[in-house]
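Some notes on the structure that comes next.
Just so we're on the same page: letters track the sequence lines, and every chain starts at 1.
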2 protein chains.
Amino acid sequence: MNRAPVRQPPKTVSPSLRQTRPVPKSEAIPFDRRQQILVEAARLFAAKGFEATSVREIAQATGILAGSLYYHFASKEELFVAVHAAGMEILIRTAQEAIRDVGDPWDRLAAAAAAHCTALLESSDFMLLVVPNFPKSIGQYRAELIHQRDAYEGIIGDLVSKLDLPAEIDAKLFRLHFIGALNWTQTWYRPTSGLAPAEIGRQLVAMLRPFPPSGVTATVG
Amino acid sequence: MNRAPVRQPPKTVSPSLRQTRPVPKSEAIPFDRRQQILVEAARLFAAKGFEATSVREIAQATGILAGSLYYHFASKEELFVAVHAAGMEILIRTAQEAIRDVGDPWDRLAAAAAAHCTALLESSDFMLLVVPNFPKSIGQYRAELIHQRDAYEGIIGDLVSKLDLPAEIDAKLFRLHFIGALNWTQTWYRPTSGLAPAEIGRQLVAMLRPFPPSGVTATVG
DNA sequence: TCCTAACAAACGAGCGATTGTTTGGCAAAT
DNA sequence: ATTTGCCAAACAATCGCTCGTTTGTTAGGA
């Protein structure tokens, strides 16, 4: 793509991408333009993909001009990283809340799966682009994105490690396939027809459970 | 300055995925420029994504100029559709060969899974872009791509329908999650470390098998 | 065996549009 | 007086694509 005169010098990439930005001190509406940009960018990235979305589109959706975007974000790529981080934050919080009060390891995994699907398929647009493999042209920020993603997958990994899997099942591969099936739902899920997101997640766990729980089985519907 | 068919090395490319195009009258080996473009486009699309790959890049990789591309393909999007079709053809053929001599339904699914992963992770670049959700800017060709994909997923659906699944497992959801886990492998698979593609696919079936086969268990490795 | 017309396949300049980004200025708020 | 947030206008680069031209090869007629 373009990227203008390749300008490397400044390179003040904040590691936590916590853009130090003055908090409006007035008690008026905390009308956060930066947040607004994030929302619109997430929606457009999700709908059209990263490369196919222009900064002018994002700006227009936000109600500002293209150039004004660069007051809030150093580049289009850093904007993407910020959206990705916000999405991962939502995902992590959702999962942790879902498993908080569940004891049985398999039930905890099912709760996490349900939460994952719900957040993925029903919640904001922040995740529709977080899940698939991110744009190749993200280049230098790749490591940061992977780090953000690992933070979440580690949670799933912990849940999996508590399961009593058959000896011939590799826990790591189990986690990868599990997350894969969950994340893939966003390529086929349509909100109008079929099962609800939470049930889609729960049923995946039911399929993977080596020995279905004795007693009452879940009522599907 | 080469005009006319430049005789390059034999370059025996897959004779299968061919489209209607003027067949050279001489019985000499037809050096298929169109096929060459498909290969290079697949490689670049896989490496950088559709939108991030320019027609000039594809042309340069093929050894021609950008304008010459349009003699073979009407547009960049039609080129993508052709690459997608070629990839799906490979996938379908691979799967059908893999299950041909297998009888047991679960073993047939395992064979298909192994073949899928092998083609996906080891074979040509034709599939690295086939699997994830295709570029949003593909627009008018979306229906055609989905049709191509459905042709393959129907094969998997047939295999799943022959399984004796527990009553509480929905066959359709089983198929979706199964394909999802398979396709997601390409986001995390690295050829150097870990299991081989075929084993990754087989183990997924092992995880999903409600009652592991009695008698001898599969020798892993 | 030559001439000629047709054809296939590529060149290469350049079109208009769009890309991400920079810059200077300006009104309001601090 | 300074900072904040944005506008307006450009910037260079690149995008997909068109089109007239040019070349090597082939077929047919004389």
field: Pairwise side chain to side chain donor-acceptor pair (under 3.5 Å) hits with a residue in residues 36-47 of chain A, at least two apart
entry: A:Arg33-A:Gln36, A:Glu40-A:Arg43

- prompt: Rounded to the Å, how far apart are A:Ile58 CD1 and C:dT21 C1'?
  reply: 14 Å

- prompt: Between D:dG5 and A:Tyr71, is there an OP1 or OP2 to side-chain N/O distance shorter than 4.0 Å?
  reply: yes

field: Atom-to-atom span, CD of A:Glu57 to C1' of C:dA17 - whole angstrom
entry: 14 Å

Polar atoms only, N or O, under 3.5 Å: list the protein pairs with nucleotides 16-18 of chain D and their distances.
{"from": "D:dG16", "atom 1": "OP1", "to": "B:Thr53", "atom 2": "O", "distance (Å)": "3.2"}
{"from": "D:dG16", "atom 1": "OP1", "to": "B:Lys76", "atom 2": "NZ", "distance (Å)": "2.7"}
{"from": "D:dG16", "atom 1": "OP2", "to": "B:Val55", "atom 2": "N", "distance (Å)": "3.1"}
{"from": "D:dG16", "atom 1": "N7", "to": "B:Arg56", "atom 2": "NH1", "distance (Å)": "2.8"}
{"from": "D:dG16", "atom 1": "O6", "to": "B:Arg56", "atom 2": "NH2", "distance (Å)": "2.9"}
{"from": "D:dC17", "atom 1": "OP2", "to": "B:Tyr70", "atom 2": "OH", "distance (Å)": "2.5"}
{"from": "D:dC17", "atom 1": "OP2", "to": "B:Lys76", "atom 2": "N", "distance (Å)": "2.9"}
{"from": "D:dC17", "atom 1": "O5'", "to": "B:Tyr70", "atom 2": "OH", "distance (Å)": "3.3"}
{"from": "D:dC17", "atom 1": "N4", "to": "B:Arg56", "atom 2": "NH2", "distance (Å)": "3.3"}

- request: Could I get the full list of side-chain hydrogen bond (donor to acceptor under 3.5 Å, both in side chains) partners for B:Tyr70, not counting sequence neighbours?
  value: none

message: When you measure from the side-chain N and O atoms of B:Arg33 to the phosphate of C:dA9, is any distance below 4.0 Å, counting only OP1 and OP2?
response: no

message: Distance check needed: D:dA8 C1' versus A:Leu69 CG, whole Å only.
response: 15 Å

- prompt: What pairs with B:Arg202 under side-chain hydrogen bond (donor to acceptor under 3.5 Å, both in side chains), at least two apart in sequence or on another chain?
  reply: B:Glu199

- request: Report the distance from atom CG of A:Leu65 to atom P of D:dA10, rounded to the nearest whole Å.
  value: 14 Å

task: Give me the one residue out of A:Ile169, A:Leu109, A:Leu208 that meets side chain to side chain contact (heavy atoms under 4.5 Å, CB included) with A:Leu163.
output: A:Leu109

task: Can you sort out the partners of A:Tyr189 under side-chain hydrogen bond (donor to acceptor under 3.5 Å, both in side chains), two or more places apart, ordered by chain and number?
output: none

- prompt: Are any of A:His72's side-chain N or O atoms less than 4.0 Å away from OP1 or OP2 of D:dT4?
  reply: no

- request: Indicate, with a heavy-atom threshold strictly under 4.0 Å, whether B:Ile64 touches base, sugar-phosphate, or nothing.
  value: sugar-phosphate

Those residues that, when tested against B:Glu78, pass side-chain hydrogen bond (donor to acceptor under 3.5 Å, both in side chains) (two or more places apart): B:Tyr141

